[in-house]
Protein chains: 2
Amino acid sequence: MTPKLEDVAKLAAVSKTTVSRVLNNRGYLSQKTIDKVHAAMAQLDYHPNVVARQLYKNQTNLIGILLPSVANPFFGELTDTLERLLYQAGYKVLIGNSMNDPQKEAAYLNQLLSRQVDGLIVGTHNQHIQAYQNPGLPVVAIDRVMNEDIPVIASDNYQGGQLATTHLIDRGAKKIIHTNGPEDLKTPAQRRRSAYETTMVAHGLTPITYTVDFNIAPSAKKAVFRQIFQEHPDVEAVFAANDVDAALIQQVAGEFGRQVPQDLMIVGYDGTNLMREVLPNLTTIVQPIEAMSKMALQVLTQRINKEPTEKEYILPVKLWPGQTG
Amino acid sequence: MTPKLEDVAKLAAVSKTTVSRVLNNRGYLSQKTIDKVHAAMAQLDYHPNVVARQLYKNQTNLIGILLPSVANPFFGELTDTLERLLYQAGYKVLIGNSMNDPQKEAAYLNQLLSRQVDGLIVGTHNQHIQAYQNPGLPVVAIDRVMNEDIPVIASDNYQGGQLATTHLIDRGAKKIIHTNGPEDLKTPAQRRRSAYETTMVAHGLTPITYTVDFNIAPSAKKAVFRQIFQEHPDVEAVFAANDVDAALIQQVAGEFGRQVPQDLMIVGYDGTNLMREVLPNLTTIVQPIEAMSKMALQVLTQRINKEPTEKEYILPVKLWPGQTG
DNA sequence: TTGTAAGCGTTATCAG
DNA sequence: CTGATAACGCTTACAA
């Protein structure tokens, strides 16, 4: 059996209270007692039972992070950053990779609702899950609108769409195609589409948006991208939904004998450190992952402390000028 | 206040025991009682307190995953896969990204030791932390030797080193340089170096290994890679420690006016789905992430159930033939 | 088929 | 400066 506080107390010939005091540096204690207790703890290799403490305090110091998949570079870097900041703030991280499976997400949510975590950061795609309606749990959303009560932290997707589109127009492109997720997903990312379309029209150009499901396999994505070249052989530039898609589009362009950027310009989205290392030439819009993470933590903390928050926090993006557009 | 079991009991006019029975489908209950209790739970929007249950059962259904960083494609995909499998097995996942910081890792470990998790999967680089010596907690290691008592799940690094080296030799390279982590790290990955060196010698060639610290920034890595070309202008091929490094080496090769594969062949390592999507041309050794994850779960489960395990589980790798080597 | 009561390992109140 | 004891919310013998 693993030793418990009582065992330490017995061995040190003091009460449980005293041991607890030593453990938490609380109240007045003689140095002698402190030493005695420490010795007993060392001898037994005692580790306090975190769960018992959690029960009493009604607090777990755990934060849940619900995202589609940590294997995706954007969500991977986001999780990594959040974990670092949360750790500094005294929290540990419980992850749930929903893979955009509404069932799995709902299951996670229901379990986390049970005072398993002190707060929740969500960035999943299924925002219509019942449990979000009244979570009785501090929640913040990243880049997703869940419901009116949940504050959203997002980068400035409108600005990103504008930056990308004007950049391509400035570089001489007229026939520019945009790829994005399904329109019915009411995500802030749809503002990119809006910015793209507005910017195109403002320049007297015709916007064309291809819908690419976030979930589907790369081969299926490539099939969609091939359609672009088949249906619009005169396409001059593509503004992609993310950097991985941008890479796939560049590959497909190659199949059609197009050199980038001579025969086709490409601008990606996300600009994670990893993708900028691996594909430094890719022109892309960089999301401020660090700033978003800090803001998420700050707003979540406010929620936990029952302080008021804004509904939305929008952080600026920037263009990473590569060689592809 | 969030409602507790007792509130449900009161509202349904039954005892706590009965509510608990309904909650867990245990024992004999009249349908009438069941319905009554369910109605009360619904009315109160009751969610059982997981922590209280954990305390009683002395079991959290949480598994800790300690890895350097989930932002790295290999560890990201590994975490993603493990999370999926663990979820199916009824576990949730607590992550700790040590960033190879021994202090942070030790802190995590100490906290997780406190019955915060039912088991631990580690793949960090600092294997000399005290707490691993006697963890009193089921632990398995991935690709790292922690101590004699902790089973290791790894891919066949020797085979990987052999595959890569013979592949390059078969393709006509003679001056082949290998990059790897610091030799003092007693990781299974060092077997690649061993395989590389043995294979080179067996073919009458001279092995040259450059040490590249896993931790350092990409710019620092590139500096090391530049040295390779400066000190060995006649290098014909590089067998890199991982795919990201392989990408960096290809970039540096470009700086030196070398075309890949004509003027330089490159073979990477890891072969994650992401990297194969983004850089499909990169020849690489594919680690069996799914198989390793399954094995890790299986062995961890055995440990949890106090069944005997082997010391080491080695899984085969395969070569992904790209265009770079 | 249902209820009573003890216990999981802490912390905190209150008394000494 | 230290110690009894109740409480955190649940589960499970044991009783009825």
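Chain naming here is simple, since letters A, B, ... match the order of the sequence lines and numbering starts at 1 in each.
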Starting at the 5' end of DNA chain D and moving along, which residue's nearest nucleotide shows up first, Tyr46(B) or Arg21(B)?
Tyr46(B)
Which part of the nucleic acid does Asn49(A) contact within heavy-atom distance under 4.0 Å: base, sugar-phosphate only, or nothing?
sugar-phosphate
When we call it a touch if two heavy atoms are under 4.0 Å apart, what does Leu29(B) touch: a base, just sugar-phosphate, or nothing?
sugar-phosphate
What distance separates Ser69(A) OG from Phe74(A) CZ, expressed to the nearest 0.5 Å?
13.0 Å
Between the base of dT4(C) and the side chain of Thr17(B), is there a donor and acceptor pair under 3.5 angstrom?
yes
So, does the side chain of Ser20(A) form a donor-acceptor pair with the base of dA12(C) at under 3.5 Å?
no
Whole-Å gap separating [atom2] ([N]) and [atom1] ([X]):
{"X": "Leu5(B)", "N": "dT11(D)", "atom1": "CG", "atom2": "C1'", "answer": "9 Å"}
{"X": "Tyr56(B)", "N": "dG9(D)", "atom1": "OH", "atom2": "P", "answer": "18 Å"}
{"X": "Lys4(B)", "N": "dT11(D)", "atom1": "NZ", "atom2": "C1'", "answer": "15 Å"}
{"X": "Arg115(B)", "N": "dG9(C)", "atom1": "CZ", "atom2": "C1'", "answer": "9 Å"}
{"X": "Gln59(A)", "N": "dT10(C)", "atom1": "CD", "atom2": "C1'", "answer": "14 Å"}
{"X": "Gln54(B)", "N": "dT11(D)", "atom1": "CD", "atom2": "P", "answer": "11 Å"}
{"X": "Leu23(A)", "N": "dG9(C)", "atom1": "CG", "atom2": "P", "answer": "15 Å"}
{"X": "Arg53(B)", "N": "dT11(D)", "atom1": "CZ", "atom2": "C1'", "answer": "9 Å"}

Closest to side chain of Leu55(A), choosing from dT1(C), dG9(C), dT11(C)
dG9(C)
Side chain of Thr33(B), heavy atoms from C-beta onward: which of dT2(C), dT2(D), dT11(C) has the nearest atom to it?
dT2(C)
Just by distance, do the side chain of Thr33(B) and the backbone of Leu29(B) share a donor-acceptor pair under 3.5 Å?
no
Do Ile216(A) and Asp213(A) touch side chain to side chain, with heavy atoms closer than 4.5 Å?
yes
Report, one line per pair, each donor and acceptor closer than 3.5 Å where one atom sits in a side chain of residues 294-301 of chain A; sequence neighbours left out.
| unit_1 | atom_1 | unit_2 | atom_2 | d |
| --- | --- | --- | --- | --- |
| Gln298(A) | NE2 | Gln302(A) | OE1 | 2.9 |
| Thr301(A) | OG1 | Leu297(A) | O | 2.6 |

dT12(D), OP1 or OP2 - any side-chain N/O from Arg26(B) closer than 4.0 Å?
yes
Which of residues 8-15 of chain A have a heavy atom under 4.0 Å from DNA chain C?
none
Do we get Lys4(A) above Tyr46(A)'s six-membered ring, with its NZ or CZ under 6.0 Å from the centre and within 45° of the axis?
no
Salt bridge (charged side-chain N to carboxylate O under 4.0 Å, His left out): which pairs involve residues 25-37 of chain A, sequence neighbours left out?
none
